[in-house]
Protein chains: 2
Amino acid sequence: MKGAPASINDIARALGISASTVSRALGNHPDISADTRSRVMEYAKAIKYRPNALAVGLKHQRSNTIGVVIPEIIHHFFSTIISGIEEVAYSKGLRVMICQSNEDYNREVINIRAMLDHRVDGLLISQSKDTNDLSHFVEVFESNVPIIFFDRFPSELETDRIITDDFQGGKLVTQHLIERGCRSILHLATSENLLVGAERCRGYADTIREAALTFDPNLILLCDTQQKVYAAKEQILAMAPHIDGVFAVNDLSAIAIMNLLMDAGYQIPDTIKVAGFGDDPIASIVRPRLTTVEQKGFMMGKKAIEMLLERIENPTSSFVPRTYKFQVSLNMRDSS
Amino acid sequence: MKGAPASINDIARALGISASTVSRALGNHPDISADTRSRVMEYAKAIKYRPNALAVGLKHQRSNTIGVVIPEIIHHFFSTIISGIEEVAYSKGLRVMICQSNEDYNREVINIRAMLDHRVDGLLISQSKDTNDLSHFVEVFESNVPIIFFDRFPSELETDRIITDDFQGGKLVTQHLIERGCRSILHLATSENLLVGAERCRGYADTIREAALTFDPNLILLCDTQQKVYAAKEQILAMAPHIDGVFAVNDLSAIAIMNLLMDAGYQIPDTIKVAGFGDDPIASIVRPRLTTVEQKGFMMGKKAIEMLLERIENPTSSFVPRTYKFQVSLNMRDSS
DNA sequence: ATAATTTCTGCAATCGTTTGCGGTTGCAAT
DNA sequence: ATTGCAACCGCAAACGATTGCAGAAATTAT
């Protein structure tokens with residue numbers, strides 16, 4: 001009952017038959033007599049035999065495992081995506097291997113390599129913020145392991161993508177704020193090269209122009225975390241008298257600025273209206289409840305793995321990258 | 001550049017040497033001449049050789065992977081634990097395999113078995129709410145795979161545990177509320193058999209008695225989610241006039257009841273003081289900012305895997321289970 | 001020149017499983 | 001009695017890497 005787990009050979013030895021027969025019996029191969037089969041089955045159950053997944057994987061050249069690399073698991077959006085992925089994987093008997101890049105390029109590279117070493121059947125990736133060199137992704141293509149990007153993808157590469165319509169989301173929010181009477185809308189944007197943030201910002205800018213409002217670049221602040229909002233406190237309070245709306249690139253910074261403004265005596269939504277992006281659970285908990293764009297993380301996760309499984313099952317030579325864009329919706333609450 | 005990844009045999013063939021020599025060269029074995037070694041190294045790099053982790057694992061009877069089973073990844077507390085686990089694992093070159101039980105017993109069993117099938121070197125587990133049968137844990141012991149429980153553990157089993165001092169946490173909160181003048185404190189408890197919740201409740205009850213306040217069992221409500229708080233709205237509002245404090249078993253229900261009470265016109269903390277448990281990031285975002293017990297998830301994750309690694313490295317026959325209990329601290333904010 | 005030693009490399013078994021192919025039964029048909 | 005054909009089972013190679021042991025080559029000692 002201790003030591004190494006039972007193998008197929010142990011069963012063979014105990015029953016005086018060959019390992020091949022045991023293997024076939026356990027696999028319900030028709031060549032094996034009902035008698036032998038049942039003896040094997042019975043004994044296997046008795047000693048709690050379980051196949052060695054490593055050996056099976058080695059033999060079959062695949063591991064029944066799919067790899068997931070995400071920036072940070074603590075973000076609710078990514079957690080929900082993982083739940084969606086796991087949901088499908090579980091129903092199909094697939095294992096899921098999750099790694100975090102922690103928004104670090106080197107870690108992303110190492111994680112991806114480790115996944116390939118483990119012969120994962122496919123990869124699901126949302127790239128880290130500071131990934132510019134894409135050679136590790138190219139390596140994945142070359143090794144013929146299907147890979148699907150979700151939410152954050154390298155635009156330079158022609159790949160399968162599961163994404164959110166961030167542009168549309170940015171438009172929805174901005175349109176909504178304008179409809180509510182806002183004429184001077186501050187946008188809290190993400191720093192640097194994050195495409196999703198850039199798209200939201202583009203949606204904002206486009207809508208401003210479409211509405212024939214004056215587009216003021218000074219109304220865009222690189223400020224995408226609670227900390228950064230508080231760090232920019234002076235700057236924000238200096239602008240506050242001249243704005244009547246805020247569109248934050250995510251819910252946390254939306255709430256941060258909401259608190260900051262309220263603490264400074266501004267009424268929300270009366271004086272200034274605020275909206276976020278993501279529909280974090282926190283959005284419906286804070287007061288005033290935050291208007292925000294709903295992102296369908298769970299559905300995205302499901303879609304991503306389903307698309308991946310299709311790629312795995314049909315390793316077609318003629319690869320035509322596909323993009324699945326999830327539509328968003330605006331959840332209007334009390335902050336606007 | 002496509003098809004199956006390069007193996008050690010491919011290198012051997014190409015260089016006209018044996019696979020064993022290649023293996024030794026890559027492993028810096030002293031038997032191999034500097035010349036041969038460098039030729040192998042060079043060629044391996046050129047064709048981007050990477051060892052097949054499945055084969056290595058099969059040979060060595062371990063996978064350099066540790067398995068983690070948690071109830072739900074979307075809970076911030078568990079996410080931080082995972083981050084702590086990954087932090088250490090990453091620094092040691094270990095892979096981490098994460099599965100969610102979704103608070104479902106069957107899924108927990110299947111996940112654990114899958115981990116064992118993959119020959120994980122060790123297991124880190126936080127058991128699901130509805131796990132009563134413990135035979136799958138016993139199987140792990142019998143297979144000699146080290147296992148450490150974190151946060152939620154089966155009290156019937158003598159195992160290694162990394163836990164929070166929930167009892168002390170419950171006391172801290174209750175003492176604090178009493179010090180602030182509360183005399184009639186409602187406790188929102190977790191349903192049924194969750195030990196961590198029971199401990200917090202025990203801390204509450206003990207403190208009430210120690211303070212010579214009357215302990216009223218009617219002041220304990222099984223209500224541990226936002227939804228359940230709202231479902232119990234009538235009941236809570238009926239009690240509200242007679243209470244002056246609330247200790248919720250977690251932050252989400254604390255915030256839910258805070259909102260519910262405020263919507264009904266109660267002043268927090270003036271009329272009723274509220275405190276939670278866990279120190280979810282949301283606690284410092286909501287208004288009023290929530291007083292709550294800080295749980296050190298990241299540290300717990302680190303400690304758990306460190307303890308596991310020690311168990312893996314010293315597979316001592318004389319097993320003496322250890323419990324590491326993390327002390328908690330109270331973060332006093334505006335809600336109390 | 002032979003023996004002893006060092007230095008390097010290869011053979012083959014092994015980890016646990018799968019599977020093509022061939023072999024051994026038994027039984028019915030001829 | 002021979003052939004034919006199922007039905008059932010085992011041999012051995014493979015997947016990719018590791019490693020004890022033996023052996024070859026080169027070097028040194030005698």
Side-chain angles (χ1 to χ4, degrees), chain A residues 3-41 43-44 47-65 113-114 116-121 143-144, chain B residues 3-41 43-44 47-65 113-114 116-121 143-144:
Chain A
S7 80
I8 222 169
N9 291 301
D10 298 329
I11 301 180
R13 230 185 328 270
L15 264 46
I17 56 181
S18 79
S20 0
T21 303
V22 176
S23 172
R24 277 187 264 253
L26 293 171
N28 278 321
H29 190 104
D31 269 10
I32 306 301
S33 70
D35 176 53
T36 307
R37 190 196 334 278
S38 63
R39 280 172 55 226
V40 170
M41 295 285 205
Y43 188 74
I47 64 168
K48 295 188 207 290
Y49 165 78
R50 303 240 72 219
N52 184 322
L54 265 40
V56 175
L58 177 59
K59 182 68 191 169
H60 282 158
Q61 298 286 58
R62 55 191 178 73
S63 57
N64 262 294
T65 303
R113 277 207 238 282
L116 290 181
D117 291 353
H118 271 266
R119 299 299 184 265
V120 291
D121 302 340
S143 65
N144 276 353
Chain B
S7 81
I8 220 168
N9 291 301
D10 296 331
I11 301 181
R13 230 184 331 269
L15 264 46
I17 56 181
S18 79
S20 4
T21 303
V22 176
S23 172
R24 278 187 263 253
L26 294 170
N28 277 322
H29 191 105
D31 270 8
I32 305 300
S33 68
D35 176 54
T36 307
R37 189 196 336 276
S38 63
R39 279 172 56 226
V40 170
M41 294 286 206
Y43 188 74
I47 64 168
K48 295 188 209 289
Y49 166 78
R50 303 239 74 219
N52 184 323
L54 264 41
V56 176
L58 177 60
K59 180 68 190 168
H60 284 159
Q61 297 288 59
R62 55 188 178 73
S63 57
N64 263 292
T65 303
R113 277 207 239 280
L116 291 180
D117 290 354
H118 271 267
R119 300 297 184 267
V120 291
D121 303 340
S143 65
N144 276 353

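Hydrogens, waters and symmetry mates are skipped; everything else that's a heavy atom, side chains included, is used. Each chain gets a letter, A, B and so on, in the order its sequence line appears, and its residues count up from 1.
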- [ ] Please tell me which of I17(B) and H60(B) maps to the more 5' nucleotide of DNA chain C, matching each residue to the nucleotide holding its nearest heavy atom.
- [x] I17(B)
- [ ] Scan S23(A) against the nucleic acid and name what it touches under 4.0 Å (heavy atoms): base, sugar-phosphate only, or nothing.
- [x] base
Open item on the list: Of the options dA17(D), dG20(D), dG16(C), whose atoms approach the side-chain atoms of N9(A) most closely?
Closed with: dG16(C)
Open item on the list: Is it the case that dC8(D) (base atoms only) and D31(A) (side chain only) share a donor and an acceptor within less than 3.5 Å, ignoring hydrogens and angles?
Closed with: no
- [ ] Write down the distance between CG (L116(A)) and C1' (dG16(D)), rounded to a whole number of angstrom.
- [x] 16 Å
Open item on the list: Would the base of dG16(C) count as contacting R50(A) through its side chain, where contact means a donor and an acceptor less than 3.5 Å apart?
Closed with: no
Task: Any donor-acceptor N/O pair, R24(B) side chain to H29(B) backbone, under 3.5 Å - done: no
Open item on the list: Under 3.5 Å, is there any donor-acceptor pair linking the side chain of R119(A) to the base of dG16(D)?
Closed with: no
Open item on the list: Determine whether a donor-acceptor pair (N or O, by modelled atom type, separation under 3.5 Å) exists between the side chain of S23(B) and the backbone of A19(B).
Closed with: no
Open item on the list: For I32(A), is there any backbone N or O sitting under 3.5 Å from a side-chain donor or acceptor partner on R37(A)?
Closed with: yes
TODO: For residues A44(A) and I11(A), report the shortest heavy-atom separation together with the two atoms involved.
DONE: CB-CD1, 3.9 Å
TODO: Would you state whether a donor and an acceptor, one from the side chain of K59(A) and one from the base of dT17(C), lie under 3.5 Å apart?
DONE: no
Open item on the list: Whether the side chain of S63(A) engages the backbone of G57(A) through a donor-acceptor N/O pair (distance < 3.5 Å, no angle test) should be reported.
Closed with: no
Task: 5' precedence on DNA chain C between T36(B) and L58(A) (nearest-nucleotide basis) - done: T36(B)
Task: Presence of donor-acceptor pair under 3.5 Å, side chain of T21(A) and base of dC8(D) - done: no
- [ ] Mind calculating the distance between CD1 (I11(B)) and P (dG16(D)) to the nearest angstrom?
- [x] 12 Å
Open item on the list: Whole angstroms only, please: what is the CG-P distance between D10(B) and dG16(D)?
Closed with: 8 Å
Open item on the list: Rounded to whole Å, how long is the line connecting atom OH of Y49(A) with atom C1' of dT17(C)?
Closed with: 7 Å
Open item on the list: Tell me if the side-chain of S20(B) makes a donor-acceptor pair with the base of dC11(C), cut-off 3.5 Å, by modelled atom types.
Closed with: yes
Open item on the list: What's the closest nucleotide to the side chain of S18(A) if the choices are dA17(D), dG10(D), dC8(C)?
Closed with: dG10(D)
TODO: May I ask you to evaluate whether Q61(B) reaches the phosphate of dG16(C), defined as a side-chain N or O under 4.0 Å from OP1 or OP2?
DONE: yes
- [ ] Using only heavy-atom distances, decide whether a donor-acceptor pair under 3.5 angstrom links the side-chain of R24(B) to the base of dG20(D).
- [x] yes
TODO: Please report, rounded to the nearest Å, how far the P atom of dA12(C) is from the CD1 atom of I8(B).
DONE: 18 Å
Open item on the list: Rounded to whole Å, please give me the gap between CZ in R62(B) and P in dG16(C).
Closed with: 15 Å
Open item on the list: Can you give me the closest heavy-atom contact between M41(B) and N28(B), atom names plus distance?
Closed with: CE-OD1, 3.6 Å
Task: Protein-nucleotide distance (H29(B), atom NE2; dG10(C), atom C1'), rounded to Å - done: 13 Å
- [ ] Mind calculating the distance between CD1 (I32(A)) and P (dA6(D)) to the nearest angstrom?
- [x] 18 Å
